[in-house]
Amino acid sequence: MLINGIAVGCIYGMIALGFVLIYKATEAVNFAQGDIMMLGAFAAFSIIALLGFNYWVGLFGAILIMAVFGYALEALLLRPVIGQPQFAIVMLTIGLGFIFRTVAGAIWGHDPSAFYTPFTGKVSSFGPVVIAQENLAIIIGTALLCLVLYLFFTRTRLGVAMQASSQNQLAAYYMGIPVKRVFSLIWAISAGVAAVAGVLLSPLTLIDPGTMGFFGIKAFAAAVLGGFGSIPGALVGGILIGLVEQFAGRYLPAGFQETSAYLVLLLVLVLKPSGLFGQMAQKKV
Amino acid sequence: MAETILKVSNIETYYGPIMAIRGVSLEVEEGQMVTVLGANGAGKTTILKTISGVMDPQKGSVTFEGREIQKRDPDWVMRQGIAHVPEGREVFPFLSVRENLMMGAFTRTDRSGVDDDLELVFGYFPVLKERADQRAGNLSGGEQQMLAISRALMSRPRMMLLDEPSLGLSPRLVGEIFGIIRRLNEEQGMTMLLVEQNANMALKTAHHGYVLEVGRIVMEDSCARLMEKEDIQEFYLGVKDEGARGKRRWKKKKLWR
């Protein structure tokens, strides 16, 4: 159950990561993140179940498709809205979320669907501990993804340029960094991460347009818990939310499993609005 | 005479409905250091922002090396060879000093050239070498200013725009920074457009000066001659407290209006 919680938490963490990446860079909150994850899962579903390719092709195909999708989304729909009040962006992304859900329902049907994964129904045992491979895949996948992202953001020129753009947009322009393209790329990365989350999650929950959207909202709670704007915070927040949910389902009356994430969100906002890892630094003059 | 590298012709720039620049023209020759003086709100920063493309002029043109560069994205302008050291330094606070410098060289692909320039920059600002792995946000104001200048140098620009490098620094540091700015101009032949409130320092350092008031150029001459003018001495080199400003406003603005 602990492992289960961590695994689901990793999914929340990955989606929260998507929130945080976009928020840090563009100061916009993308409420469609959960729906982008759902689209990623469906993209993999199409490749694997409908076109008959194997799981890995599906996984990387979905990442690629969603990354392009994220890039196009930013470049075509969000860029014109930049400079408008924050609220406009929030409404736009919420609206996009609804559109994605409906369109996905229209294309793939509203019934839950699933595709074959190499992990389904298998278990690995480590001594006395037995772990479902789906969960293991999620945890390892998250760890790998974080490693790749970490190396990308600290070691490559483009990654550091992305950090720079999010820390000081104007100065990044002065350095000759094409900030607009960098923002689109960040959306691409964040959509790609969401696709990974969607593909890894699909053996646990099945893919359907309704439920996966809710993951977005819970992941939002995770991002807030971790301190919006902190990448390690997003992951820790996600895992904590996952655990809280599992244990609430076990030890608290029925119904608490579903609401516990929101309770945590409320508590954090009341008690410690900057979250666990809130990164605040005053600008020196 | 050297060739004109930057030519600003009759630009008008607005903040919303407010006209901040009312038809400014100026020229910078290659290897020259030109300064624009003016009080708060005169429009000095706006001129630089218009040149580097952060703001678009409604009228007029900016020509750099014979090519019109107005109304382009700032990253494009930068790639033409104009490096902007922004007002208030604007370093990347959570990146290390070295990463900040490498961001300055973002547009370059010649690795060895970048390494050479890194050494060059460390030569001018040894303190940055000591702090190369610290976060830029933890540097002092003076060090951040040095970092901002170095970061601009790292792009190996054809020309630098310096916006108030003395802002918020102690007189000793201001002297130090201006010393280095002058050395960069003399030793590297760097063309510079310097915007300053510290008129004394700017006039001593630069070759040619423009005086800007409420969005207009009111005077233009070599710095040596500007320093001798009575009005400049009184309004820019003298004591600039409220009393002096009041006096300027109501009694003695005849010379240029």
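All heavy atoms count here, side chains included; hydrogens, waters and symmetry mates do not. Quick note on labels: first sequence line is chain A, next is B, and so on, each numbered from 1.
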Measure distances from [X] to the heavy atoms of chain A and classify the residue's part below 4.5 Å as side chain, backbone, both or neither.
X	answer
B:Ser155	neither
B:Ala148	neither
B:Val91	backbone

* Structure fact -> Looking only at B:Met154, B:Met102, B:Glu99, B:Arg151, most heavy-atom pairs under 4.5 Å shared with chain A are made by B:Arg151
* Step through the shown structure and confirm whether more than 12 heavy atoms of other residues, nucleotides or ligands are within 6.0 Å of OH on B:Tyr124. => yes
* Exceeds 12 heavy-atom contacts within 6.0 angstrom, atom CZ of B:Arg108 -> yes
* Looking only at non-hydrogen atoms, find the nearest pair between B:Leu95 and A:Gln167 and report the distance. => N-OE1, 3.6 Å
* **CZ on B:Phe106 to CG on A:Leu158, rounded to 0.5 Å** =>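 Going from the CG atom of A:Leu158 to the CZ atom of B:Phe106 covers 6.0 Å.
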* Which one of A:Lys180, A:Gln163, A:Arg157 has the most heavy-atom pairs closer than 4.5 Å to chain B? -> A:Arg157
* Asked: ring pair (Phe, Tyr, Trp, His ring centres under 6.0 Å): which pairs involve residues 138-170 of chain A, sequence neighbours left out?
  ->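 Not a single pair qualifies under ring pair (Phe, Tyr, Trp, His ring centres under 6.0 Å).
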* **Residue A:Ser166 versus chain B: region with a heavy atom under 4.5 Å** => neither
* Asked: What are the residues of residues 169-179 of chain A, in order of number, with any heavy atom under 4.5 angstrom from a heavy atom of chain B?
  -> A:Leu170, A:Ala171, A:Ala172, A:Tyr173, A:Tyr174, A:Met175, A:Gly176, A:Ile177, A:Pro178
